[in-house]
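To start, the structure itself, in structure tokens.
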Amino acid sequence: MPRRHDPERRQRIIDAAIRVVGAKGIGGLSHRSAAAEADVPLGSTTYHFKTLDELLVAALRQANEGFAKAVATSGAFEDPRAELAGELAAMLGVWLAGERTGVELEYELYLAALRRPALRPVAAEWCQGLTDLLTARTDPVTARALVALMDGICLQVLLTDTPYDEAYTREMLNRLAAGTS
């Protein structure tokens, strides 16, 4: 019997893995749970992703696209005359105001890199990509610090379930960018 050609199967498995992690956390993801969610045979998941880490890497790459879209639509890097801190604070506000589950999922996959070394390069790409964008507007050391501050603020909002304070974020980013206390 000839194999059925299914060019979208790999993507359906990634989407399914993201849904499983969103519903059950990283611990709920297995080849079996992804296959069931994608409605594909178990062998399809292991064909496309030899290990669970390979599937998680693909899911993290796709999840990172949510923040990348917020960055791309923010305009924070286009106008060199625009106030960088204000643009970044607004960008974070838009991202955090989006679908909460998606934002939490991105961070869950991002933080999974602490225990899964295979995910570390993808998490580092996210940090480095934003740092590289910021170096067009500031020096590399300040750019890294701004990324760390934004990351910390996002984590605090997510972990404490407090509302995002754009004015506070703008002020802290301004202080850091200006080198004042």
Name the orientation class of the two ring planes belonging to Y107 and W126 (parallel below 30°, tilted from 30 to 60°, perpendicular beyond 60°).
-> perpendicular
Counting distance only, does the side-chain N/O of T160 pair as donor-acceptor with the main-chain N or O of Q156 below 3.5 Å?
-> yes
Report yes or no: does T45 contribute a side-chain atom to a donor-acceptor pair with the main-chain N or O of L42 at less than 3.5 Å?
-> yes
Can you tell me how far CG of L173 sits from OG1 of T138, rounded to the nearest 0.5 angstrom?
-> 11.5 Å
When rounded to the nearest 0.5 angstrom, what distance separates CD1 in I13 from CG in D39?
-> 11.0 Å
If you measure from NE2 on H31 to CG on L55, what distance do you get to the nearest 0.5 Å?
-> 6.5 Å
Looking only at heavy atoms, the pair that brings A34 and A16 closest together is O-CB, 3.6 Å
Verdict with reasoning, H48 to E54, per side chain to side chain contact (heavy atoms under 4.5 Å, CB included) | CA-CA 9 Å; H48 289 287; E54 284 182 24; over 6 Å; no
Can you name the closest pair of heavy atoms from A177 and T142 and give their distance?
-> CA-CG2, 4.0 Å
Taking all non-hydrogen atoms of both residues, which atom of I26 and which atom of L56 are closest, and how far apart?
-> CD1-CD2, 3.8 Å
Connected via hydrophobic side-chain network under 4.5 Å: V94 and M150 = no
With the 4.5 Å side-chain cut-off for hydrophobic clustering, are L155 and I153 part of the same group?
-> yes
So, the side chain of Q128 versus the backbone of A124: is there a donor-acceptor pair under 3.5 Å, distance only?
-> no
Determine yes or no for a side-chain-to-main-chain donor-acceptor pair under 3.5 angstrom, with R116 supplying the side chain and V57 the backbone.
-> no
Over all heavy atoms of both residues, which pair between F49 and R10 is shortest? Give the atoms and the distance, please.
-> CE2-NH2, 3.4 Å
Intermediate values then yes/no, side chain to side chain contact (heavy atoms under 4.5 Å, CB included), D165 and V157 | CA-CA 9 Å; D165 185 342; V157 167; over 6 Å; no
Start with the C-alpha gap between D151 and Y110, add the side-chain angles, then the distance that decides, and say whether side chain to side chain contact (heavy atoms under 4.5 Å, CB included) holds.
-> CA-CA 11 Å; D151 207 13; Y110 174 66; 2.7 Å; yes
Start with the C-alpha distance between L84 and N174, add both sets of side-chain angles, then the distance that settles side chain to side chain contact (heavy atoms under 4.5 Å, CB included), and finish with yes or no.
-> CA-CA 8 Å; L84 181 60; N174 258 328; over 6 Å; no
Measure the spacing between OG1 of T46 and CZ of R32 and express it to the nearest 0.5 Å.
-> 10.5 Å
L96 and C154 have their tightest heavy-atom pair at CD1-SG, 4.2 Å
Quick check: are there more than 12 heavy atoms from other residues, nucleotides or ligands sitting under 6.0 Å from CZ of R120?
-> yes
Any side-chain heavy-atom pair from T169 and L88 closer than 4.5 angstrom?
-> no
Give me the one residue out of Q11, R12, R19 that meets side-chain hydrogen bond (donor to acceptor under 3.5 Å, both in side chains) with D15.
-> Q11
Expected output: side-chain Y164 to main-chain A89 donor-acceptor under 3.5 Å | yes
Is the closest side-chain donor-acceptor distance between R9 and S44 under 3.5 Å?
-> yes
Between atom CD of E104 and atom CD of E108, what is the distance when rounded to the nearest 0.5 Å?
-> 8.5 Å
Report yes or no: do D132 and T135 form a side-chain donor-acceptor pair below 3.5 Å?
-> no
Trace of the salt bridge (Lys or Arg N to Asp or Glu O under 4.0 Å) decision for E87 with R137 = CA-CA 12 Å; E87 293 287 332; R137 300 283 308 275; over 6 Å; no
Would you give the length of the straight line joining atom OG1 of T131 to atom CD of E125, rounded to the nearest 0.5 angstrom?
-> 13.0 Å
Determine the minimum heavy-atom distance between I18 and Q62, stating which atoms define it.
-> CD1-NE2, 3.6 Å
Within the distance-only criterion (no hydrogens, no angle test), does the side chain of S33 pair as donor or acceptor with the backbone N or O of G28 below 3.5 angstrom?
-> yes
